[in-house]
Amino acid sequence: MPQGHESRKLIDTVPASGYHDRMDPLIARIRDFIGLHGLFTEGDRLLLSLSAGKDSMFLLHVISVLRNEMGIEAGIFHLNHRMRGKDSDRDEEFVRAMGERHGMDVHVCSHDFRIERTAGISFEEDARNVRYRLLHRIAGDNGYNIIATAHSRDDQIETVLMRIMTGTGIHGLQGIPPRRGNIVRPILAVSAGEIYDYLKARGLEWREDASN
C-alpha cells in the first residue's frame with residue numbers, strides 16, 4: 001500500500017460559461033444554500049482555505065463553477081504545516097498546481113509545527129489557531145473580504161457530538177454556523193459521501209492522507 005498521501009491521477013475540468021443552464025443538482029443546492037444564508041454576493045472576493053483533500057477540492061470546484069454566475073473573484077490559501085516532511089511539500093505543490101489550473105492566485109504560508117508548537121493544546125487546535133491568524137492576515141493584505149472554509153455536514157455532526165460529550169449543554173447543538181463574521185462555509189449542507197461520489201463520478205483530483 002502506498003505510503004503518505006496518494007494523488008488521484010484524474011483530470012479536473014472547469015465548466016465553460018453557461019454551465020448554470022445545466023447545473024448539477026448538488027451544485028444548485030449549494031448555490032441556494034449560499035443565497036439563503038447570504039454567504040457572499042456579487043463583487044465579493046473570496047479567499048478559499050484549502051488543504052489537498054476531498055472537501056477542499058470540492059469547494060474549489062464549486063467556486064470555480066459558480067464564480068462567473070455570481071460575479072465573485074477567488075484566491076487560494078494553503079498552510080504547509082511540515083508535519084509529514086516531503087508529503088506536506090507535495091500537498092503544497094498540488095494546491096499550487098490546482099490554483100494555476102483554475103486561474104486563481106495561491107497564497108502559501110509555512111509553519112513548522114514539529115518545532116513551533118503552542119504548549120498545553122493539541123496539534124489540531126494549534127494548527128487551527130495558526131491557520132485562522134494567517135488567513136485573516138493574507139485576506140487583509142490582498143483585498144479578500146470573505147474567507148471560505150471547506151467544512152461539510154460531517155464536520156457539523158462531529159462538532160455537535162464533541163460539544164455534547166464535553167458538556168457544553170444545549171449550546172453545543174448549535175454546531176458550526178454557515179457564517180461567522182467574514183468566515184463562510186459554503187458546503188456545510190453537503191455530506192462527505194456526496195462529495196466523494198461527486199468527485200469520483202467526474203474524475204476530479206485530490207490527495208489523501210494515509211495517516212488518517
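Computation of the quantities below employed the complete heavy-atom set of this structure, encompassing side-chain atoms and omitting hydrogens, waters and symmetry-equivalent molecules.
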Would a distance-only check, ignoring hydrogens and angles, find a side-chain to backbone donor-acceptor pair under 3.5 Å from [X] to [Y]?
X      : Y      : result
His111 : Glu116 : yes
Arg31  : Met70  : no
Asp154 : Ser191 : no
Arg153 : Val190 : no
Arg137 : Ala139 : no
Asn129 : Asp126 : no
Arg45  : Asn142 : yes

Looking only at heavy atoms, what is the nearest atom pair of [X] and [Y], with distance?
X      : Y      : value
Phe77  : Cys109 : CE1-SG, 3.8 Å
Ala52  : Phe94  : CB-CD2, 3.6 Å
Ser49  : Ser56  : O-OG, 4.1 Å
Asp55  : Ser152 : OD2-OG, 3.6 Å
Lys54  : Leu199 : O-CD1, 3.5 Å
Phe113 : Met83  : CB-SD, 3.6 Å

Positive for side-chain contact (heavy atoms from CB on, under 4.5 Å) with Pro186, one of Phe33, Phe58, Phe40: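 Passing option: Phe40.
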In terms of hydrophobic clusters joined by side-chain contacts under 4.5 Å, are [X] and [Y] together?
X      : Y      : answer
Met98  : Ile187 : yes
Val130 : Leu50  : no
Ile183 : Leu60  : no
Ile147 : Val184 : no
Val95  : Leu135 : no

Hey, could you give me the [atom1]/[atom2] distance between [X] and [Y], rounded to the nearest 0.5 Å?
X      : Y      : atom1 : atom2 : result
Asn182 : Leu46  : CG    : CG    : 10.0 Å
Leu47  : Met104 : CG    : CE    : 11.0 Å
Asp44  : Ile72  : CG    : CD1   : 7.5 Å
Glu208 : Asp91  : CD    : CG    : 11.5 Å
Ile76  : Ile138 : CD1   : CD1   : 13.5 Å
Leu134 : Asp141 : CG    : CG    : 10.5 Å

Report yes or no: do Asp89 and Asn80 form a side-chain donor-acceptor pair below 3.5 Å?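 Side chains of Asp89 and Asn80: pair found under 3.5 Å.
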Does the side chain of [Y] come within less than 4.5 Å of [X]'s, by heavy atoms?
X      : Y      : result
His61  : Ile195 : no
Ile27  : Leu66  : yes
Arg202 : Asp24  : yes
Glu194 : Arg29  : yes

Does a salt bridge link Asp155 with Arg185, judged by any charged N lying under 4.0 Å from a carboxylate O?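 Judged by the 4.0 Å cut-off on N to carboxylate O distance, Asp155 and Arg185 do not form a salt bridge.
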Between Arg90 and Asp87 (salt bridge meaning N to carboxylate O under 4.0 Å), is one present in this structure?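 Judged by the 4.0 Å cut-off on N to carboxylate O distance, Arg90 and Asp87 do form a salt bridge.
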For Leu36, the rest of its hydrophobic cluster, which grows through side-chain links under 4.5 angstrom: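 Direct or chained contacts put Leu36 with none.
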Arg128/Ile121 under side-chain contact (heavy atoms from CB on, under 4.5 Å): CA gap, chis, key distance, verdict: CA-CA 11 Å; Arg128 181 170 59 251; Ile121 62 175; over 6 Å; no
Applying side-chain contact (heavy atoms from CB on, under 4.5 Å) to Leu204 and Met57, what does each step give before you reach the verdict? CA-CA 8 Å; Leu204 305 184; Met57 292 302 104; over 6 Å; no
Could you check Arg96 against Glu92 for salt bridge (Lys or Arg N to Asp or Glu O under 4.0 Å), going step by step and ending with a plain yes or no? CA-CA 6 Å; Arg96 287 186 184 277; Glu92 176 183 329; 3.2 Å; yes
Give every residue pair that meets the ring pair (Phe, Tyr, Trp, His ring centres under 6.0 Å) criterion with at least one member in residues 127-154, sequence neighbours excluded.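 Of all non-adjacent pairs touching residues 127-154, those that pass ring pair (Phe, Tyr, Trp, His ring centres under 6.0 Å) are His107-Tyr144.
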